[in-house]
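Numbers restart at 1 for each chain; the letters A, B, ... are given by sequence-line order, proteins then strands.
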Amino acid sequence: MPAITLPDGSVRRFDGPVTGTTVAEAIGPGLARAALAMEIDGRLVDLSREISDDASVRFVTRKDEAALEMIRHDAAHVLAEAVQSLWPGTQVTIGPSIENGFYYDFYRNEPFTPEDFPAIEARMREIVAANAAFAREVWPRDAAIRFFEDRGERFKAELIRDLPEDEQISIYRQGEWLDLCRGPHLRGTADVGNAFKLMKVAGAYWRGDHRNPMLTRIYGTAWRDQKELDAHLHQLEEAERRDHRRIGREMDLFHIQEEAVGSIFWHAKGWRLYTVLQDYMRRAQTRGGYQEVRTPQLVDRALWEASGHWDKYREHMFVATVEDEDKTLALKPMNCPCHVQIFRHGLRSYRELPLRMAEFGACHRYEPSGALHGIMRVRSFTQDDAHIFCAEEQIAAETARFVRMLADVYADLGFESFRVKFADRPEQRAGTDETWDRAEGALIEACRLAGVSYEHNPGEGAFYGPKLEFVLRDAIGRDWQCGTLQVDYVLPERLDASFIGEDSARHRPVMLHRAILGSFERFLGILIEQHAGRFPLWLAPVQAVVASIVTDAAPYAQQVADTLQAAGLVVETDIRNEKINAKIREHSLARVPVILVVGRKEAEEGTVAIRRLGGAAQEVVALDDAARTLADEALPPDLRRTR
RNA sequence: GCCGACAUAGCUCAGGGGUAGAGCAACUGAUUCGUAAUCAGUAGGUCCUCGGUUCAAUUCCGAGUGUCGGCACCA
């Protein structure tokens, strides 16, 4: 006699075990039509599942987030059936729902290509139209293993073998086809709907391990309805439109070529962007109580051996040898060992702590070729790196201080909010468990004191210590991990850094590794995509163009440009013999924030007509006023505050 | 690094066993024009590199390099 409690608090009693379908029908025909699955005591299950005991039940309809995930998961099953029916002998492996869609990994000698998509999608639509019910069955483990082995499905058999002993082996049938699956599923294949699209094929290692066979993965996107699908496709176009590689070329910011793979040729305009950002960061650091240093690019391997990097990252380091000397040097992949060298140069007193040592450190790492991506993932980059040498009891205060600084910088750069993740000890690590206990404990305590709330990111810490990761969200909703703060007890030990305490004895400092932007290269890529190249005035590579209407106005245009330049603005002059329409169009497409139009009238009156990027309005003001206003507007945010 | 796709003018792309085309950009000339494309003309190519097949390869085949999308990696 199950008593079923509904979300509104009402209770329904039934004579015996009932399925969710029955319960929904009992409540009303509308719900019976809309219910796709249900939550029994908070656990999502099939609607066809029987309820035999008292329970609280919530029905899941298409509007639910959970339903969208199920649509995607079921779409993966439909994809798998379609593929196996078109290419018998293809082995199935796994096919989960993911953000925005789903994928399914297949094993097949001949990989799929996007040309196969139309046929697969057509078959998928047939399967959806047939509306086979998803039927759950529980099989004995041995029978399930034998079944899949007999079909030559060795990956599925392996999956079942590796399931925990006490776990039920559930099989879902959809018509003729079946798959091992934990579930739950929608009622039938028709519930998947037709708002799906296959997107791309890719290789993926079995179980994500590069020692395993390569599978061929088909990605799809799936949504509740066509409108949502269209919105998603539009969003992808938007991301492509913002792609920093495209904008970098269009705006003449940088390029990369074969002779220096993974390194950037910064063109004049891109370099202005870079230096404006670097100057800003330098001011922020100075205000934050950091001292800036500069350390060598080439450092003897002995130091990397001592720090532990040679052991762990040797194959990711660029190594240099010289003919006349029996020495092996490495281009520094990071700055910390060098900073420790400065710290330990001479005796340090506790009075000097916390010692905040910053460097715009140019580092080289031999990244795997497949990892390279525009200016975001490169082999030569510059970090806004700093190490805070402090006593253990200063960790909390320094963490809080750093988070404040980071929040200010992000806000100035147009990112109002960020998330924090706490990454704790990885499997491969240096240092004892006791050390890790202390490091993690100190960081947790620091977060508490700083009022930082965080998500847990287990096992993702650096090999020498736990870290906080700071994640930005950009204008189109993508997350970027930029900032980091890492607590390190290991390196000071390995490189023998010490300070003299109040008690006249030697003590080990703790090192906090920290960065706000991460690397300039990557962050500039993010900034470019964040603004789609339409930078705020202070960052814009070209801040204004003076465009003349007639040749007679050319001398005045030059005078306007000179005035603005004297006021500190980056200005170009366009006195070509072109129509003003063409000039406006060109400079607008080039994303110049301000166009100053001057014709005979302006020349006579000593004015300029200001046109802002993105607007059609024009504002006619006296030249001197324009120079003053624009120069003011072009001040970096921190200088504007202290003006 | 692994899987797949791709590589043709500055850019975006078409083409195809007999050494190649468009649009935009560039250059020249005419036009002097008031807020998102004035008109006309000219020039521009190692068809990524190296091998192979062929009478002939930019095209077909192989290798390499690079790029792109994933996977793996990211101190």
Side-chain angles (χ1 to χ4, degrees), chain A residues 103 105 110-115 199-219 243 245-246 249-250 252 255-259 261-262 304 307-309 311-313 315-317 332-337 363 365-374 376-379 381 383 385 426 428-430 460-465 467 481 484 486 488 490-491 513 518-519 522 547-554 575-590 595-602 609-618 620:
Chain A
Y103 67 79
D105 285 347
E110 184 87 356
F112 299 103
T113 74
E115 279 101 77
M199 302 300 284
K200 52 197 171 199
V201 287
Y205 299 108
W206 167 237
R207 301 193 142 177
D209 190 324
H210 66 277
R211 288 163 303 199
N212 286 340
M214 177 70 66
L215 306 170
T216 146
R217 173 174 296 180
I218 298 180
Y219 280 95
D243 191 311
R245 293 165 298 190
R246 175 203 190 105
R249 186 172 52 235
E250 287 173 359
D252 193 20
H255 86 271
I256 298 173
Q257 68 187 45
E258 241 180 275
E259 288 80 358
V261 171
W304 307 112
S307 70
H309 292 98
D311 239 16
K312 194 163 162 47
Y313 293 109
E315 64 277 27
H316 297 293
M317 289 164 71
K332 71 175 171 189
M334 51 177 359
N335 309 298
C336 27
C363 296
R365 295 179 186 173
Y366 184 73
E367 302 284 4
S369 58
L372 302 176
H373 178 85
M376 300 254 214
R377 189 80 186 271
V378 286
R379 288 179 175 159
F381 56 93
Q383 297 173 316
D385 198 12
Q428 294 235 336
R429 58 182 180 260
E460 294 294 322
F463 80 96
Y464 49 71
K467 61 184 179 187
Q481 193 209 303
T484 181
Q486 308 168 8
D488 183 2
V490 175
L491 203 60
H513 306 242
S519 94
R522 179 158 176 277
S548 58
I549 294 174
V550 290
T551 309
D552 288 353
I575 54 169
R576 291 172 307 159
N577 182 5
E578 279 291 347
K579 295 181 82 162
I580 194 64
N581 284 302
K583 294 186 185 182
I584 298 281
R585 179 181 149 84
E586 260 181 58
H587 301 302
S588 298
L589 288 174
I595 300 174
L596 300 130
V597 177
V598 295
R600 283 201 191 90
K601 196 153 67 94
E602 285 77 11
I610 300 178
R611 182 194 167 106
R612 304 277 179 163
L613 181 58
Q618 29 180 324
V620 180

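With a 3.5 Å limit on both pairing distances and Watson-Crick or G-U wobble geometry required, the stems of 3 or more pairs in RNA chain B span B:1-7 with B:65-71, B:10-13 with B:21-24, B:26-30 with B:38-42, B:48-52 with B:60-64.
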Expected string for nucleotides 70-75 of chain B under the B/S/- scheme (protein heavy atoms, under 4.0 Å, primed atoms plus P, OP1, OP2 as sugar-phosphate) is BBBBBB
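Residue A/Glu602 places a side-chain atom within donor-acceptor reach of the base of B/rG34, judged by atom type and a 3.5 Å distance cut-off alone.
Within the 4.0 angstrom heavy-atom criterion, base atoms lie near A/Ile549. Across all strands, A/Leu589 comes closer than 4.0 Å to base atoms (heavy-atom distances). Heavy atoms of A/Lys583 sit nowhere under 4.0 angstrom from any nucleic acid atom.
Closest heavy-atom contact between A/Gly374 and A/Ile256: O-CD1, 3.4 Å. Residues A/Glu367 and A/Val378 share a closest heavy-atom pair of CG-O, 3.4 Å.
A salt bridge links A/Arg245 with A/Asp243: at least one charged nitrogen is closer than 4.0 Å to a carboxylate oxygen.
With sequence neighbours excluded, the residues forming a side chain to side chain donor-acceptor pair (under 3.5 Å) with A/Asn335 are A/Lys332, A/Gln383, A/Asp385, listed by chain and number. Under the side chain to side chain donor-acceptor pair (under 3.5 Å) criterion, A/Arg612 pairs with A/Glu633, not counting sequence neighbours. Checked against side chain to side chain donor-acceptor pair (under 3.5 Å), A/Glu602 has no partners two or more places apart in sequence or in another chain. By the salt bridge (Lys or Arg N to Asp or Glu O under 4.0 Å) test, A/Glu578 is found to be paired with no residue, residues two or more places apart in sequence or in another chain being considered. Legend: residues meeting ring pair (Phe, Tyr, Trp, His ring centres under 6.0 Å) with A/Phe381, ordered by chain and number and at least two apart, are absent. With sequence neighbours left out, the salt bridge (Lys or Arg N to Asp or Glu O under 4.0 Å) criterion links A/Arg522 to no other residue. Taking A/Asp252 as the reference, A/His267 meet the side chain to side chain donor-acceptor pair (under 3.5 Å) condition, with sequence neighbours excluded.
The separation between A/Lys579 atom NZ and B/rC33 atom P is 10 Å, rounded to whole Å. Rounded to an integer number of Å, the gap from A/Glu586 CD to B/rC24 C1' is 11 Å. Rounded to whole angstrom, the span from the CD1 atom of A/Ile575 across to the P atom of B/rC33 amounts to 17 Å. In this structure, CD of A/Glu259 is placed 13 Å from P of B/rU49, rounded to the nearest angstrom. Rounded to a whole Å, the CG atom of A/Asn212 is 14 Å from the P atom of B/rC3. Per the geometry, CD belonging to A/Glu578 stands 12 Å off C1' belonging to B/rA26, to the nearest Å.
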Are any protein N/O atoms closer than 3.5 Å to N/O atoms in nucleotides 10-14 of chain B? If there are, list each pair with its distance.
unit_1: B/rU12; atom_1: OP1; unit_2: A/Arg249; atom_2: NH2; d: 3.0

With 3.5 Å as the limit, what N/O pairs link the protein to nucleotides 40-43 of chain B?
none

Dump every N/O contact between nucleotides 63-66 of chain B and the protein below 3.5 Å, one line per pair.
unit_1: B/rU65; atom_1: O2'; unit_2: A/Glu258; atom_2: OE2; d: 2.5

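Annotation: A/Ile575, atom CD1; neighbour count of heavy atoms from other residues, nucleotides and ligands within 6.0 Å does not exceed 12. Residue A/Gln257 qualifies as enclosed at atom CD: its count of foreign heavy atoms under 6.0 Å is above 12.
The side chain of A/Asn581 places an N or O atom within less than 4.0 Å of a non-bridging phosphate oxygen (OP1 or OP2) of B/rA36. Residue A/Arg576 places none of its side-chain N or O atoms closer than 4.0 Å to OP1 or OP2 of B/rA25. OP1 or OP2 of B/rC33 sits under 4.0 Å from a side-chain N or O of A/Arg600.
Each of A/Leu372 and A/Thr113 lies near RNA chain B, and the nucleotide nearest A/Thr113 is the one positioned closer to the 5' end.
The cationic atom of A/Arg217 (NZ for Lys, CZ for Arg) lies less than 6.0 Å from the six-membered ring centre of A/Tyr103 and within 45° of the ring axis.
Nucleotides B/rG64 and B/rC3 place their P atoms 11 Å apart, quoted to the nearest Å. Spacing between B/rU19 and B/rU59 at atom P, rounded to whole Å, works out to 14 Å. Taking atom C1' on both B/rG45 and B/rG10, the two are 12 Å apart, rounded to the nearest angstrom. B/rG18 and B/rA56 are spaced 14 Å apart, taking the P atom of each and rounding to whole Å. B/rG70 and B/rC13 have their C1' atoms separated by 25 Å, with the value rounded to a whole Å. If you take atom C1' in B/rU28 and the same atom in B/rA43, they sit 10 Å apart, rounded to whole Å. Between B/rG17 and B/rA72, the distance separating the two C1' atoms is 41 Å to the nearest Å. Comparing B/rC61 with B/rA75, their C1' atoms are spaced 44 Å from each other, to the whole Å.
Residues A/Thr484 and A/Gln486 bring a donor and an acceptor atom of their side chains to less than 3.5 Å of each other.
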Begin with the C-alpha distance, continue with both residues' side-chain angles, and end with the deciding distance and a verdict on salt bridge (charged side-chain N to carboxylate O under 4.0 Å, His left out) for A/Arg207 and A/Asp209.
CA-CA 5 Å; A/Arg207 301 193 142 177; A/Asp209 190 324; over 6 Å; no
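Looking at the side chain of A/Ala609, the nearest of the listed nucleotides B/rC68, B/rG34, B/rA37 is B/rG34.
Side chain of A/Arg365 to main chain of A/Pro333: a donor-acceptor pair is present (N/O by atom type, distance under 3.5 Å, no hydrogens or angles).
Counting heavy atoms from C-beta on, the side chains of A/Ile610 and A/Gln618 never come closer than 4.5 Å.
Separation of atoms OG (A/Ser588) and CG (A/Leu613) is listed at 6.0 Å; rounding is to 0.5 Å.
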